[in-house]
Amino acid sequence: MDRAVLDRPPVDAARAILGATLVRVDARGRRAGRIVEVEAYAGPEDRASHARAGRTERNTVMFGRPGIAYVYLVYGMHDCLNVVTGPADSASALLIRAVAPSDGVDLMRAERLAWLAAHRRKVEPDAIAREADRLARLPDVRLASGPGLVAAAFGIDRSDTGTDLFDPRSSLRLEGPFGAVAADAISVGPRIGVAYAGSPWAERPWRFAIAGDPSVSGSPATR
DNA sequence: TTTCCGATCCCCT
DNA sequence: GGGGATCGGAAAA
């Protein structure tokens with residue numbers, strides 16, 4: 001069963017999940033894309049992990065079985081999707097940082113627009129209009145080229161926490177192929193935005209991406 | 001091109 | 001009450 005591929009330490013699971021398909025199916029339609037960038041987070045010993053303070057109400061699903069979704073809110077604005085990995089109960093997880101859209105791009109664009117409407121309150125209307133205009137002209141490959149953008153494009157928020165991503169009945173799920181990206185096609189580097197964790201955790205080379213894919217966050221001309 | 005900063009709100013060394 | 005697993009627009013250079 002596919003779940004077994006994530007029932008291993010997060011660094012190994014990270015390499016295996018690259019190239020797999022993230023799928024959302026709901027009343028609005030179907031969206032899908034290829035996972036092209038992830039970060040590995042270990043358990044409580046990892047000072048960059050949300051499990052660093054031990055088990056809390058927020059992170060409780062991390063202390064469970066592989067293949068479960070953990071979604072959190074960062075900077076008061078953006079939801080981020082994680083997938084719990086093995087070993088079971090180790091509180092390890094993968095942050096899904098970027099997806100290359102393959103299906104439902106129009107719906108993703110609509111969802112991104114809906115996100116703007118829902119989250120921009122005190123921003124001046126002109127600025128919101130400019131953001132919407134930029135979104136309309138955004139290339140498909142950049143619709144989910146960052147962790148907050150993955151959530152916006154797929155309509156993911158904290159209510160998705162606890163979803164079994166390997167249950168074919170789930171609205172949000174993971175499909176193969178797993179382990180399909182060769183090691184020499186994967187670029188490796190330190191995780192983004194974890195300086196607060198200090199050494200050696202901030203320097204751990206636990207960010208993995210499909211080398212050269214234009215949907216990877218920070219790709220040229222993304223900004 | 002690089003750096004800076006505001007938005008926005010939940011979580012808890 | 002401080003600050004964040006981010007994003008995008010504005011300012012600086």
side-chain contact (heavy atoms from CB on, under 4.5 Å) involving [X] - partner list, sequence neighbours excluded:
X	value
Ser171(A)	Arg24(A), Asp26(A)
Ala100(A)	Arg34(A), Val36(A), Asp213(A), Ser215(A)
Asp106(A)	none
Pro87(A)	Ser90(A)

>> My understanding is that only residues two or more places apart in sequence, or in another chain, count here; which of them pass side-chain hydrogen bond (donor to acceptor under 3.5 Å, both in side chains) with Arg8(A)?
In response: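 Partners of Arg8(A) under the side-chain hydrogen bond (donor to acceptor under 3.5 Å, both in side chains) test: none.
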>> Going by the rule side-chain hydrogen bond (donor to acceptor under 3.5 Å, both in side chains), which residues pair with Asp89(A) if we only count those two or more places apart in sequence or in a different chain?
In response: none
>> Can you give me the dot-bracket string for DNA chain B, 5' to 3', counting Watson-Crick and G-U wobble pairs with both distances under 3.5 Å, using [ ] for crossing pairs and | for partners on another strand?
In response: |||||||.||||.
> Quick one: are Ile96(A) and Asn82(A) in side-chain contact, heavy atoms under 4.5 Å?
Replying inline: no
Quick one: which protein N/O atoms are closer than 3.5 Å to N/O atoms of nucleotides 11-13 of chain B? Pair and distance per line, please.
| from | atom 1 | to | atom 2 | distance (Å) |
| --- | --- | --- | --- | --- |
| dC12(B) | OP1 | Thr56(A) | OG1 | 2.6 |

> For DNA chain C, which residues in residues 194-211 of chain A have a heavy atom at a distance below 4.0 Å?
Replying inline: Val194(A), Tyr196(A)
> Who else is in Val194(A)'s hydrophobic cluster (ILVMFWY, side-chain heavy atoms under 4.5 Å, direct or via others)?
Replying inline: Tyr41(A), Val61(A), Met62(A), Phe63(A), Ile68(A), Tyr70(A), Tyr72(A), Val74(A), Tyr75(A), Val84(A), Leu95(A), Tyr196(A)
> Under 4.0 Å between a side-chain N/O of Arg134(A) and OP1 or OP2 of dG8(C), yes or no?
Replying inline: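 Checking dG8(C) against Arg134(A), a side-chain N or O does come within under 4.0 Å of OP1 or OP2.
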> Can you tell me if the side-chain N/O atoms of Arg120(A) get under 4.0 Å from OP1 or OP2 in dT8(B)?
Replying inline: no
> For DNA chain B, which residues in residues 65-99 of chain A have a heavy atom at a distance below 4.0 Å?
Replying inline: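 Those residues whose heavy atoms fall under 4.0 Å from DNA chain B, taken from residues 65-99 of chain A in numerical order, are Leu73(A), Tyr75(A), Gly76(A), Met77(A).
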Donor-acceptor contacts under 3.5 Å from residues 173-192 of chain A side chains, at least two apart:
| from | atom 1 | to | atom 2 | distance (Å) |
| --- | --- | --- | --- | --- |
| Arg173(A) | NE | Glu175(A) | OE2 | 3.3 |
| Arg173(A) | NH1 | Pro168(A) | O | 3.3 |
| Arg173(A) | NH1 | Ser170(A) | O | 2.7 |
| Ser187(A) | OG | Ala209(A) | O | 3.4 |
| Arg191(A) | NH1 | Ala40(A) | O | 3.1 |
| Arg191(A) | NH1 | Asp46(A) | OD2 | 2.7 |
| Arg191(A) | NH2 | Asp46(A) | OD1 | 3.2 |
| Arg191(A) | NH2 | Trp201(A) | O | 2.9 |

